[in-house]
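Note sheet for the following structure.
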Amino acid sequence: MIEMEKTYNPRDFEEKIYRLWEERGKFRPSDSSKKPFVVVIPPPNVTGILHMGHGLNNSLQDILVRYHRMLGEPTLWVPGTDHAGIATQNVVERQLKKEGLTKDDLGRDAFLERTWKVKEKHHEVIVRQLKKIGCSCDWSRERFTMDDGLSRAVREVFVSLYERGLIYRGEYLVNYCTSCGTALADDEVEHEEEPGKLYRIRYPYSEGGGELVVATTRPETLYGDTAVAVHPEDPRYAALVGKTVELPLTGRSIPVIADAYVDREFGSGAVKITPAHDPNDWEIGCRHGLPRINLLTPDGRLNENAPAFVQGKTVAEARELTVEALKQKGFFIDAVDLPHQVGHCYRCHTIVEPYMSNQWFVKMKPLAQKALAAWENGDIRFFPKKWENTYRHWLENIRDWCISRQLWWGHRIPVWYCRECGKMIVSRTDIESCPECGSGEVKQDEDVLDTWFSSWLWPFSTLGWPEKTADLQRFYPTSVLVTAYDIIFFWVSRMIMAGLEFMGEVPFKDIYIHQLVRDKQGRKMSKSLGNGIDPLEIVEEYGADALKFTLAYMSSQGQDILIDKDSFKIGAKFANKIWNASRYILSSVDDDDCGDVPEFGVYDNWIETRLHTAAEAVAAAMHDYKFNEAAHAVYEYFWNDFCDWYIEISKLEFYDADEAKARRAKRKLLYFMEKSLRLMHPFLPFITEEIYAKLPDSVRYPMLIDAPFPSECEAAVGAAAPVTALQEAIRAVRTARSEFTIPPDTKIRVAVRCDAASGLTEFFKNEQPLFSHFVKASDLTVTEGAVDSKGAVSIIGNGFEVFVYIRDAVDAVKEAEKMRKEIEKTEAFIERTKVRHSNENYLSKAPRQVIEKEKASLEEAEIRLRKLKKNLELFGE
RNA sequence: GGGCGGUUAGCUCAGUCGGUUAGAGCGUCUGCCUUACAAGCAGAAUGUCGGGGGUUCGAGUCCCUCAUCGCCCACCA
């Protein structure tokens, strides 16, 4: 007798089990010589706690990793976290603000010290969370994007790219977040449509006699205009090109230039050119050698290049004041509503300004070409495939990557400037004095690198690169990357580029892109909406297994997962089912029950077949990363086959007075329980391991986590057929009982007529006791001959017909109505099928199996129709 | 402006290579506290597969078109 708590309470054992796995080194790759299975975690940001997106991401990885571990592959899941430059710095700056401080009050060193502490705190929480949800990561190999090794990797990459001419510095117009105080990469800008206005402004000809009308959505930038552009073939303005116009409110005159960029159809066909504050204007400015006038301070206010009345004002304020001034001076014509796209910072959502500054860039084209080739060669595969388009499109239109950030938290750019001779030194090691003039007056670049500049090295930097470590040798390239689609640009494609560039090989062959987790209204989960679900809350309430199983069960390759707290009941209920089934089996087991497995009977063969069919379904699904299909297969097997049928059937023997019989039943239940636990383990690791440990030693592997996943099918598949027929017959009687509301304690007479050809007669006869038990029959006859159908409904199955004598308990009118409906349906089907079968095209073109199959079902339907009609007569038509 | 995806039961979603009368979970309804589980058991009902057209012997599935919702990309001031 093995004791189990009456109720499933995951809190009682999940932590204990996790500790056990960890202590016994189960998360470390085994020594097997098989090809390793390797996953690197998408490192969570050390900015806060894990949300449900992480829950999904890590649950799926854990399922994969556990599945492969059970296949006997040396399995490694490398964990780690990301320093998340802007995000983390923002967190700390917000904290400071609450204390009435700014980062400048602290100074760089003190600020960094404080940020490290915040990092430590968050890191601890994140690791605890990952462990709570059961991630089987090898914590001995945990990394952080700013640890010593990864910092070395970052430097190596920066310097070597610089040496190859793929990193350069220059003054360009970049996206600048005035709130974060830093430049952003193009893809860190989120465009959103906002209501705006298109203003029309007069720019008088310098020589008088007219004016040029210019349309703009940003009148406040006119102080930085250095030209007005028209289309070279626009007859309206041909005479003006080369002349000048007066720039309102400034007293400056600016030239009219011709550039094909201008759209003659839009607005007036004349565009004001502000090279320092618009990316297009910047391009035009470059082509025409126009001066650039910067109007903004780094914190987003108008600077001394603007007239005094707007200096120090924000952009929005300046716009209003400028429009007002234009109106007063008579330059303003009108303004019409024009919704347009405005860029926002992806971290703080402030409007991003195009801002002229000195930044570092990576030349992306050469890297992107290799990454594209890798896809074309089939070196990488996306699951689902559709994301390949996204990947390809981005690479084909790639632009240089601005990697410098005006932040403190991050990898400092490894470049030094000599104050004496002005020499710039790019170096792998820190520089104390100028190699050119020997001066000690060298100063490191103030800026840090974009966070992704360390993330893109993750698959090999975590394994020890640039050192040639054993891990790197053994575990690179990794097997698969599991991530969400929102970072294909930021991360996935860049990792592929870095892998190819520095390792000469793609970092992973398979890329599984999963969905985003949203709330039931389809909204992104976010702090501000307050609609987020904390995975830990779910773990608290339902357990980590419920979390993992539910997410897998609900994931699909189709679309985003819409979820609320109640969704997790699916997993909770399933875990509960496993618990109770196990409790039932184990509670009656003692050592006597643990001998050899008795010879299989038909039901044992049947469940064995079901189990292996499920195992094969899981294998196929996992191969294609169809987690939901795998989870469904496991669920259906255990609940619908094992619990609903096998356990119920076994009860006849289980409760048999003959002890030997009972023992045989228990032994087989144990056998299938053990195997079922192995089947389910990747999806519900805690509960299965907990129960597994309770199984008698003689029937199990030491631990479930590295026990073999069920694979080889020992049972004959054909063995399942009669069981299926019996199930069908039992259901037929149950349906009849239920439909006629015959109470369970009312026994009824049942007759089964088997078709001689079905081969079921013998089986049904043998199984009469079981059949009777399941349907609570008062009398059950099985025959191949004619059956007296008086007072009975008959239900036709595949190869047999069941008669349930329900005469007294029936509402004849209602029943007749039902039958008529059924007859109609069947007649329609027969008609349709007959028409098709008289069609020569069909007969000649359809595959023979299809025709045969349809013919069979047509025959079946015709038989059923006859019986139905007969039944109808019975009900007093 | 370009591209992608969704539209299937009351709700959330599966649906493989086009192949019989389209499935699951939740919810609803009926009957059961049957000696593992009421977080359970046994049943039932519910569909113009967004609209229209086409291809095909056969379409939820392929093509065209329209509608609608969403996402991504894009420098139209």
Side-chain angles (χ1 to χ4, degrees), chain A residues 4 6-8 187 191 198-199 214-218 229 261-263 265-274 278-283 338 340-341 354 386-387 389-390 393-394 397 485-486 488-489 516 520 522 542 553-554 556 558-564 566-567 569-570 572-588 620 624 626 628-629 632 635-636 643-644 647-648 651 655 731 734-739 741-745 776 825-826 828-829 832-833 835-847 849-851 853-858 860-861:
Chain A
M4 273 177 76
K6 177 131 173 60
T7 54
Y8 162 58
D187 45 23
H191 293 275
L198 184 66
Y199 301 87
V214 160
T216 179
T217 53
R218 300 204 57 185
Y261 158 77
V262 178
D263 179 354
E265 309 297 318
F266 191 91
S268 59
V271 193
K272 68 196 260 318
I273 301 298
T274 324
D278 181 280
N280 299 311
D281 294 4
W282 172 270
E283 295 289 325
L338 181 79
H340 61 287
Q341 296 284 325
K386 66 173 176 180
W387 295 111
N389 284 332
T390 307
H393 184 259
W394 189 72
N397 298 286
Y485 60 76
D486 54 347
I488 293 179
F489 308 129
L516 262 31
K520 286 270 174 174
Y542 299 118
Y553 189 89
M554 296 190 66
S556 75
Q559 44 191 40
D560 291 344
I561 301 183
L562 272 50
I563 227 164
D564 62 12
D566 282 346
S567 309
K569 284 183 178 163
I570 298 173
K573 280 167 73 174
F574 187 48
N576 190 56
K577 188 75 179 174
I578 296 170
W579 186 264
N580 282 308
S582 310
R583 187 163 62 88
Y584 162 72
I585 294 170
L586 292 182
S587 64
S588 62
D624 292 332
K626 293 181 174 171
N628 60 330
E629 287 184 12
H632 273 90
Y635 182 94
E636 275 154 27
C643 291
D644 288 350
I647 290 183
E648 291 308 318
K651 278 180 182 173
Y655 288 115
R731 279 199 201 100
R734 283 173 173 170
T735 302
R737 288 191 76 112
S738 178
E739 279 186 357
T741 333
I742 301 166
D745 47 353
K776 306 242 161 48
K825 231 172 133 184
T826 311
F829 170 69
R832 250 198 325 274
T833 312
V835 166
R836 195 174 329 141
H837 281 246
S838 60
N839 183 328
E840 275 182 35
N841 260 325
Y842 167 75
L843 292 174
S844 60
K845 286 183 186 167
Q849 295 134 299
V850 172
I851 297 176
K853 231 167 124 190
E854 281 195 21
K855 264 190 183 160
S857 53
L858 180 62
E860 211 183 288

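The sequence lines fix the lettering, A, B, ..., with proteins before strands; numbering per chain opens at 1.
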[X] (side chain) donor-acceptor with [Y] (main chain) under 3.5 angstrom:
X: A:Asp263; Y: A:Glu265; value: yes
X: A:Asn580; Y: A:Asn576; value: yes
X: A:Asp564; Y: A:Ser567; value: yes
X: A:Arg583; Y: A:Ile578; value: no
X: A:His632; Y: A:Asn628; value: yes

[X] near the nucleic acid: base, sugar-phosphate alone, or nothing, with a heavy-atom cut-off under 4.0 Å?
X: A:Asn389; value: nothing
X: A:Arg731; value: sugar-phosphate
X: A:Asp644; value: sugar-phosphate
X: A:Lys569; value: nothing

Just how far, in rounded Å, is [atom2] of [N] from [atom1] of [X]?
X: A:Arg737; N: B:C41; atom1: CZ; atom2: P; answer: 19 Å
X: A:Asp564; N: B:C13; atom1: CG; atom2: P; answer: 11 Å
X: A:Met4; N: B:A36; atom1: CE; atom2: C1'; answer: 10 Å
X: A:Asp566; N: B:C11; atom1: CG; atom2: C1'; answer: 12 Å
X: A:Asp281; N: B:C76; atom1: CG; atom2: P; answer: 13 Å
X: A:Met554; N: B:A14; atom1: CE; atom2: P; answer: 9 Å
X: A:Lys626; N: B:G15; atom1: NZ; atom2: C1'; answer: 11 Å
X: A:Tyr584; N: B:G40; atom1: OH; atom2: C1'; answer: 15 Å

Report summary line: Residue pair A:Gly269/A:Asn580 against RNA chain B: nearer the 5' end by closest nucleotide is A:Asn580
Please enumerate all protein N or O atoms sitting under 3.5 Å from an N or O of nucleotides 72-74 of chain B, with distances to 0.1 Å.
residue, atom, partner, partner atom, Å
B:A74, N6, A:Gln341, NE2, 3.4

Query - Candidates B:C76, B:C75, B:G5 - which lies nearest the side chain of A:Asp263 - result: B:C76
Report summary line: Quick note, A:Lys386 side chain, CB onward, closest among B:G5, B:C37, B:A77 is B:G5
Query raised in the report: Is a donor-acceptor contact shorter than 3.5 angstrom present between the side chain of A:Glu648 and the base of B:A36?
Result: yes
**Report entry** Donor-acceptor pair present, A:Lys577 side chain and B:C37 base, under 3.5 Å
**Finding:** yes
Is any side-chain heavy atom of [X] closer than 4.5 Å to a side-chain heavy atom of [Y]?
X: A:Ser582; Y: A:Met4; answer: yes
X: A:Tyr485; Y: A:Leu516; answer: yes
X: A:Ile488; Y: A:Trp394; answer: no

**Report entry** A:Tyr261 and A:Asn280: side chain donor to acceptor below 3.5 Å
**Finding:** yes
Requested in this report: Answer with yes or no whether the side chains of A:Thr274 and A:Lys272 bring together a donor and an acceptor at under 3.5 Å.
Outcome: yes
Say we look at [N] and [M]: how far apart would their [atom1] atoms be, to the nearest angstrom?
N: B:A38; M: B:U34; atom1: C1'; answer: 13 Å
N: B:C64; M: B:U28; atom1: C1'; answer: 40 Å
N: B:C57; M: B:A14; atom1: P; answer: 32 Å
N: B:C4; M: B:A74; atom1: C1'; answer: 14 Å
N: B:G52; M: B:A67; atom1: P; answer: 15 Å
N: B:G18; M: B:A59; atom1: P; answer: 14 Å
N: B:C62; M: B:C49; atom1: P; answer: 16 Å
N: B:C33; M: B:C41; atom1: P; answer: 16 Å

Query raised in the report: B:A36 phosphate, OP1 or OP2: any side-chain N/O from A:Lys651 under 4.0 angstrom?
Result: yes
Can you tell me the base-pairing partner of [N]? Count Watson-Crick or G-U wobble geometry only, both distances below 3.5 Å, and say none if there is no partner.
N: B:U46; value: none
N: B:A67; value: B:U7
N: B:C17; value: none
N: B:C41; value: B:G31

Query raised in the report: Tell me, for nucleotides 17-30 of chain B in 5' to 3' order, what letter each nucleotide earns: B for a base near a protein heavy atom under 4.0 Å, S for only sugar-phosphate near one, - for neither?
Result: --BBB--SSS----
**Report entry** Residues that A:Asp187 engages under side chain to side chain donor-acceptor pair (under 3.5 Å), provided they are two or more places apart
**Finding:** A:Arg494
Report task. Anything under 30° is parallel, anything over 60° is perpendicular, the rest tilted; go ahead and classify A:Tyr553 against A:Tyr635. Result -> tilted
